[in-house]
Protein chains: 2
Amino acid sequence: MSSSKASANEKGPTGRRYHHGDLRRAILTAALDAIAADGPSGLSLRDLARRAGVSHAAPAHHFKDRAGLLTAIAAEGFGLLATALREAADLKEAGVRYVRFAREHPAHFQVMFAPDLLRTGDLELTTARALAGDALREAVTAVPPEGRGADARLAGVAAWSLAHGFATLLLGHNLDGPVGDQDPEEVFRELAAMLFRHAG
Amino acid sequence: MSSSKASANEKGPTGRRYHHGDLRRAILTAALDAIAADGPSGLSLRDLARRAGVSHAAPAHHFKDRAGLLTAIAAEGFGLLATALREAADLKEAGVRYVRFAREHPAHFQVMFAPDLLRTGDLELTTARALAGDALREAVTAVPPEGRGADARLAGVAAWSLAHGFATLLLGHNLDGPVGDQDPEEVFRELAAMLFRHAG
DNA sequence: CCGCGCAACTTGACACTGACAAGATTGCCC
DNA sequence: GGGCAATCTTGTCAGTGTCAAGTTGCGCGG
């Protein structure tokens, strides 16, 4: 509308420049902030647009939908989780990384496991999820059978369930009483020790 | 509006009678159906009203809010869970009841652990939650120390984490591969056996 | 038996949201 | 330098939650 000669790097008279530069990333981080603060349910695309200083329909160009945005977040989350798991020395440490990930990236974590908010068939998402699954399986098979029982698949389910349950309950403030002000990662180490101990 | 003489138990000419009879329960069950089908996020109060055959603002009279409705569901869920846990003979069986509850009442379960949808301070909710917490603690302390380790609180966190993680992952279809078509409750029994075994 | 208060329900309105369509702007590549 | 495609805007529509004010009729006290 305005015929201003504002260059690409300067804001126009309306306080915004036409091309944001990295709007996709801006929307993503704004969304992560909002989700960490208020949960994924209250998330509003229009609000994110306002925070980023763009028009209300701008986000739709990068993420088709609300579901598209959340799917992108979930995929990113599974990617981050996969690399975090790969850095672990053993299975117990992988579990520790799991709960650390949940605490450091609560928004990602919440969205990753909220299937009703995602486009579950999305390719990017499924591949990222598979990547994380591989990382988990590797961690499980790395520990010798006498420390985890014969059935590796069962051990994987056990480890994942324990870590996931602990992380989920933690984020939901359901363990504020029991763990109190102890370091959650230390607490989890004890849980993991209960689950996997050398046969007596 | 219409001056029809339809009695309290007959539908008027608009297909509805003014006083529903048990609208609160009707809305609750409609909500549970909708949540089980599409998750809590897509829930619409107006849609529930349509299903129940009442006007769009009718639900607000029974549950002030959207949050009010979900809070009521969560409270009901914790009540059901508490009685289910009390019926268990030992701790392992309590865990089995936990995952059974999640599978039989998926809508309740999802809402109970979605804090961003609830009025977390609600009295009814907190008391129901406390009830369920008591039931869990009783189940934990009932098992002798040599079977669960010295720290009862830690054992409680472990049991809860394992059951909750397993149930959550199950409902999210994250374990469709590993558990396949086995009976989830049987699988969980094996997990529980890994966690609590007599010291060697 | 009657009328009256109060709970249950309705109608109407407002602001907000997600989604779509069509136009404006601009980086970029030939 | 010119045009093309990506990026962003403006405008619009149906749907939603929530509040306010009016209607209906159950049930209780007389």
Side-chain angles (χ1 to χ4, degrees), chain A residues 1-28 30-31 34 38-72 116-119, chain B residues 1-28 30-31 34 38-72 116-119:
Chain A
M1 57 172 64
S2 77
S3 61
S4 91
K5 6 185 113 70
S7 85
N9 289 333
E10 291 171 10
K11 295 185 178 180
T14 67
R16 66 166 72 142
R17 51 179 191 263
Y18 207 102
H19 278 25
H20 179 282
D22 194 4
L23 181 58
R24 182 184 162 93
R25 191 68 247 168
I27 299 263
L28 277 174
D38 302 328
S41 312
L43 192 69
S44 154
L45 290 183
R46 287 174 112 102
D47 184 50
L48 297 180
R50 279 188 289 268
R51 294 200 200 192
V54 295
S55 83
H56 61 102
H61 197 273
H62 294 273
F63 322 91
K64 165 118 183 154
D65 271 320
R66 212 180 103 102
L69 168 59
L70 297 187
T71 300
D116 57 322
L117 296 177
L118 308 174
R119 208 179 306 281
Chain B
M1 53 175 67
S2 77
S3 59
S4 90
K5 5 186 112 66
S7 85
N9 288 334
E10 291 171 9
K11 295 185 178 181
T14 66
R16 66 166 71 143
R17 52 180 191 262
Y18 207 101
H19 278 25
H20 179 283
D22 195 4
L23 182 57
R24 182 185 161 92
R25 191 68 248 168
I27 298 263
L28 277 175
D38 302 327
S41 312
L43 193 70
S44 155
L45 290 184
R46 287 174 112 103
D47 183 50
L48 297 180
R50 277 189 290 267
R51 294 199 201 193
V54 295
S55 83
H56 63 100
H61 198 272
H62 294 272
F63 321 90
K64 165 118 181 153
D65 263 326
R66 213 180 103 102
L69 168 59
L70 297 189
T71 300
D116 57 321
L117 295 177
L118 308 173
R119 208 178 303 283

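Proteins get letters first, then strands, A, B, ... in listed order; numbering begins at 1 in each.
- Side-chain contact check for A/Leu23 versus A/His62: some heavy-atom pair is nearer than 4.5 Å.
- Under the 4.5 Å side-chain criterion, counting only non-hydrogen atoms from C-beta, B/Arg66 is not in contact with B/Leu69.
- Look at CG on B/Asp38: it is 17 Å from P on D/dG15, rounded to the nearest Å.
- What separates CG of A/Leu48 from C1' of D/dC8 is a distance of 16 Å, to the nearest Å.
- Of the candidate nucleotides D/dT18, C/dT11, D/dT9, C/dT11 has the atom nearest to the side chain of B/Ser55.
- Here the C1' atom of nucleotide C/dG27 and the CG atom of A/Leu23 are 16 Å apart, to the nearest Å.
- At a threshold of 4.0 angstrom between heavy atoms, the contacts of B/Ala58 include nucleobase atoms, whether or not backbone atoms are also involved.
- Computed from coordinates, the B/Phe63 CZ to C/dC9 P distance equals 11 Å when rounded to whole Å.
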Would you list the protein and nucleotides 13-17 of chain C atom pairs, both N or O, that sit under 3.5 Å from each other?
residue: C/dT17; atom: OP1; partner: A/Arg50; partner atom: NH2; Å: 3.3
residue: C/dT17; atom: OP2; partner: A/Arg50; partner atom: NH2; Å: 3.3

Only distances under 3.5 Å count here; give the side-chain donor-acceptor pairs of residues 39-48 of chain B to other protein atoms, sequence neighbours excluded, each with its distance to 0.1 Å.
residue: B/Ser41; atom: OG; partner: A/Asp116; partner atom: OD2; Å: 2.8
residue: B/Ser44; atom: OG; partner: B/Arg46; partner atom: N; Å: 3.3
residue: B/Ser44; atom: OG; partner: B/Asp47; partner atom: N; Å: 3.0
residue: B/Arg46; atom: NH2; partner: B/His56; partner atom: ND1; Å: 3.3
residue: B/Asp47; atom: OD2; partner: B/Arg51; partner atom: NE; Å: 3.4

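- Across all non-hydrogen atoms, the minimal contact from B/Ala67 to B/Arg119 is CB-NH2, 3.6 Å.
- Between B/Phe63 and B/Thr71 there is no side-chain heavy-atom pair separated by less than 4.5 Å.
- Between B/Arg24 atom CZ and C/dC9 atom P there is a gap of 12 Å when expressed in whole angstrom units.
- What you find for A/Ala49 and A/Ser55 is that their closest heavy atoms are CB-O, 3.3 Å.
- As a whole-Å value, the separation of A/Ile27 CD1 from D/dT7 C1' is 12 Å.
- Checking the phosphate oxygens (OP1, OP2) of C/dT10, no side-chain nitrogen or oxygen of B/His61 falls inside 4.0 Å.
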